[in-house]
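Working notes for the structure below.
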Number of protein chains: 2
Amino acid sequence: MIHVADAHRGREESLDVIQRELTAFARRARSTAARLHPDLPLVSYTLLAHIEHRHGCRATDLAAHYMLDKSTVSRQVAALENLGLVERHPDPDDQRIQVLHPTTAGVQALASTQASRRAAYRERLGAWTSEDLEQFAEYLLRYNSAGEDTSPR
Amino acid sequence: MIHVADAHRGREESLDVIQRELTAFARRARSTAARLHPDLPLVSYTLLAHIEHRHGCRATDLAAHYMLDKSTVSRQVAALENLGLVERHPDPDDQRIQVLHPTTAGVQALASTQASRRAAYRERLGAWTSEDLEQFAEYLLRYNSAGEDTSPR
DNA sequence: TACCTTCGTTGTATCGTACAACCAATATTC
DNA sequence: GAATATTGGTTGTACGATACAACGAAGGTA
């Protein structure tokens with residue numbers, strides 16, 4: 001028979017593991033990213049991907065989604081623009097807003113990067129069953145969505 | 001009936017979601033960490049935690065585990081030492097090696113940080129069942145262990 | 001018209017990181 | 001056993017990513 005305290009302990013242990021492994025992943029992410037696409041300015045890739053995923057968005061959206069300061073985003077976007085990967089289109093209804101879109105070059109760069117990225121993930125997760133992958137994806141979505149706007153700022 | 005191509009597509013989609021969500025998490029991690037423990041030099045926390053988790057380890061182990069350059073680790077450890085959170089003990093068998101251990105102050109700092117960290121995770125994952133937590137933890141372990149030493153460097 | 005809010009940029013400082021060159025201690029090879 | 005490699009770690013240097021603060025421009029509101 002399982003005691004209540006044991007179940008509680010199991011829960012805490014799982015939380016600790018999750019915390020530890022997520023942290024480890026986050027810390028390794030930079031190195032991994034650098035290996036995956038040494039060409040693309042590394043951080044910008046993420047922003048570019050998000051812009052495409054959203055079919056265009058504002059700088060503020062990027063800042064909110066990645067919890068970055070607007071100044072950071074501003075510079076990153078400027079870098080992407082200099083590389084010719086994104087375009088800014090002023091919103092006719094509101095002159096303050098500039099809508100960001102990937103250029104064709106941006107889409108292309110994203111595609112090639114995405115390819116090598118997919119390959120890496122495919123290799124790493126090749127042994128997983130489709131069910132496990134799906135479940136894992138769902139957990140991650142659930143986890144991330146939990147802290148979306150609850151952040152105090 | 002499910003077509004083979006559909007199953008394949010589902011797999012690819014899961015991979016994309018996993019990739020996207022992990023990336024998002026990694027990008028937010030810094031901001032989250034800063035919020036969770038504004039006091040502790042933020043990165044050092046991770047290293048300190050790992051030192052404790054391993055019951056003492058060498059700087060090289062830290063570098064390998066987090067995929068960091070040894071110079072980076074060297075400075076971080078020096079910072080931790082200056083803060084009085086870790087101690088170095090030379091290995092009598094090999095004078096090159098210095099074994100790192102948390103000081104009592106280090107253990108204490110870790111404990112208080114861990115507390116607030118746990119609280120945040122508990123809040124965020126409070127609605128999850130124990131089974132889901134366990135499963136999620138297992139997936140993360142599996143994911144992380146897959147890229148442990150396969151990295152080309 | 002005068003305030004307040006929102007979106008974005010720029011100035012400045014700091015942190016985390018890598019790479020390269022180096023030193024010291026150990027291991028290997030001839 | 002002496003010459004050469006390998007390993008663990010530090011320091012010099014440069015750079016990227018980030019935050020915070022001050023600002024400007026556009027739009028909304030009183």
Side-chain angles (χ1 to χ4, degrees), chain A residues 23 26-35 37-48 51 56-83 86-100 151-153, chain B residues 23 26-35 37-48 51 56-83 86-100 151-153:
Chain A
T23 303
R27 301 300 264 79
R28 291 178 189 144
R30 182 172 300 203
S31 144
T32 310
R35 187 151 30 82
H37 37 78
D39 42 314
L40 211 55
L42 172 49
V43 177
S44 310
Y45 165 78
T46 312
L47 299 185
L48 182 55
I51 293 171
C57 68
R58 301 171 303 164
T60 303
D61 301 333
L62 294 173
H65 188 249
Y66 291 113
M67 293 183 184
L68 295 169
D69 192 79
K70 37 181 194 161
S71 65
T72 303
V73 174
S74 174
R75 288 177 226 269
Q76 295 289 343
V77 169
L80 281 172
E81 193 185 25
N82 284 337
L83 289 169
V86 301
E87 282 172 352
R88 321 188 191 209
H89 298 293
D91 185 333
D93 295 349
D94 187 339
Q95 290 297 115
R96 293 171 300 182
I97 294 175
Q98 44 192 217
V99 184
L100 305 172
S151 71
R153 42 135 64 245
Chain B
T23 303
R27 300 302 261 81
R28 291 179 190 144
R30 182 171 299 201
S31 145
T32 309
R35 186 152 31 83
H37 36 78
D39 42 314
L40 210 57
L42 171 50
V43 177
S44 310
Y45 164 80
T46 312
L47 299 184
L48 182 55
I51 293 172
C57 69
R58 302 170 304 164
T60 302
D61 300 333
L62 294 174
H65 189 249
Y66 291 113
M67 293 183 184
L68 295 170
D69 192 79
K70 39 182 193 162
S71 65
T72 302
V73 174
S74 175
R75 288 177 227 269
Q76 295 289 342
V77 169
L80 282 171
E81 194 184 24
N82 284 337
L83 290 170
V86 301
E87 283 172 351
R88 320 188 191 209
H89 299 293
D91 184 333
D93 295 348
D94 187 339
Q95 292 297 114
R96 292 171 300 183
I97 295 175
Q98 44 191 221
V99 185
L100 306 173
S151 70
R153 38 138 66 244

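Sequence lines set the chain letters: A, B, ... in the order given, protein chains first and strands last, and positions in each chain run from 1. No hydrogens, no waters, no symmetry mates; every other heavy atom, side chains included, goes into these values.
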Which atom names give the shortest non-hydrogen contact between A:Arg28 and B:His65, and what distance separates them?
-> NE-O, 2.7 Å
Going by heavy atoms in the side chains, are B:Val43 and A:Arg27 under 4.5 Å from each other?
-> yes
If you look at every heavy atom in B:Val86 and B:Leu48, which pair is closest and at what distance?
-> CG1-CD1, 3.6 Å
Integer-rounded Å distance: C:dT17 C1' and A:Arg35 CZ | 16 Å
Of all the heavy-atom pairs spanning A:Gln76 and A:Leu47, show the shortest one and how long it is.
-> CB-CD1, 3.4 Å
Atom pair CD1/CG of A:Ile51 and A:Leu62 - distance to nearest 0.5 Å | 5.0 Å
Atom pairs, N/O to N/O, protein against nucleotides 10-13 of chain D, distance under 3.5 Å?
residue, atom, partner, partner atom, Å
D:dT10, OP1, B:Arg88, NH1, 2.4
D:dT10, OP1, B:Gln98, OE1, 3.4
D:dT10, OP2, B:Ser74, OG, 2.6
D:dT10, O5', B:Ser74, OG, 3.3
D:dG12, N7, B:Arg75, NH2, 3.3
D:dG12, O6, B:Arg75, NH2, 2.2
D:dT13, O4, B:Arg75, NH2, 3.2

On a heavy-atom basis, the closest approach of B:Leu80 and B:Ser44 is CD2-CB, 3.5 Å
Short side-chain N/O contact to D:dA17 OP1/OP2 from B:Arg27, under 4.0 Å | no
Enter the distance from A:Asn82:CG to A:Arg75:CZ here, rounded to the nearest 0.5 Å.
-> 13.0 Å
At what distance, to the nearest 0.5 angstrom, does OG1 of B:Thr23 lie from OH of A:Tyr45?
-> 6.5 Å
Rounded to whole Å, CG of A:Asn82 lies from C1' of C:dT9 at a distance of 14 Å
Non-hydrogen atoms of B:Arg88 and B:Gln98 that approach each other most closely | NH1-OE1, 2.7 Å
OP1, OP2 of D:dG9 versus side-chain N and O of B:Thr60: anything below 4.0 Å?
-> yes
Rounded to the nearest 0.5 Å, what's the gap from NZ on B:Lys70 to OG1 on B:Thr72? Could you check?
-> 11.5 Å
Only counting residues at least two apart or in another chain, list the ones meeting salt bridge (charged side-chain N to carboxylate O under 4.0 Å, His left out) with A:Arg58.
-> A:Asp61
Anything under 3.5 Å between a protein N or O and an N or O of nucleotides 24-30 of chain D, put it in a table, one pair a line.
residue, atom, partner, partner atom, Å
D:dG27, OP1, A:Gln95, N, 3.1

Nearest whole angstrom, please: distance from the P of C:dT10 to the CD of A:Glu81.
-> 11 Å
Check the distance between C:dT6's C1' and A:Ile97's CD1 and give it to me in whole angstrom.
-> 9 Å
Euclidean distance, atom CG of residue A:Leu68 to atom C1' of C:dT9 [Å, nearest integer] | 16 Å
Which atoms of nucleotides 13-15 of chain C (N or O only) lie under 3.5 Å from a protein N or O atom, and what are those distances?
none

Through what angle, rounded to 10 degrees, does the axis of the helix from C:dT1-D:dA30 to C:dC30-D:dG1 turn between its ends, using five pairs per end?
-> 20°
Mind checking salt bridge (charged side-chain N to carboxylate O under 4.0 Å, His left out) for B:Asp91 and listing every partner two or more places apart, or none if nothing turns up?
-> none
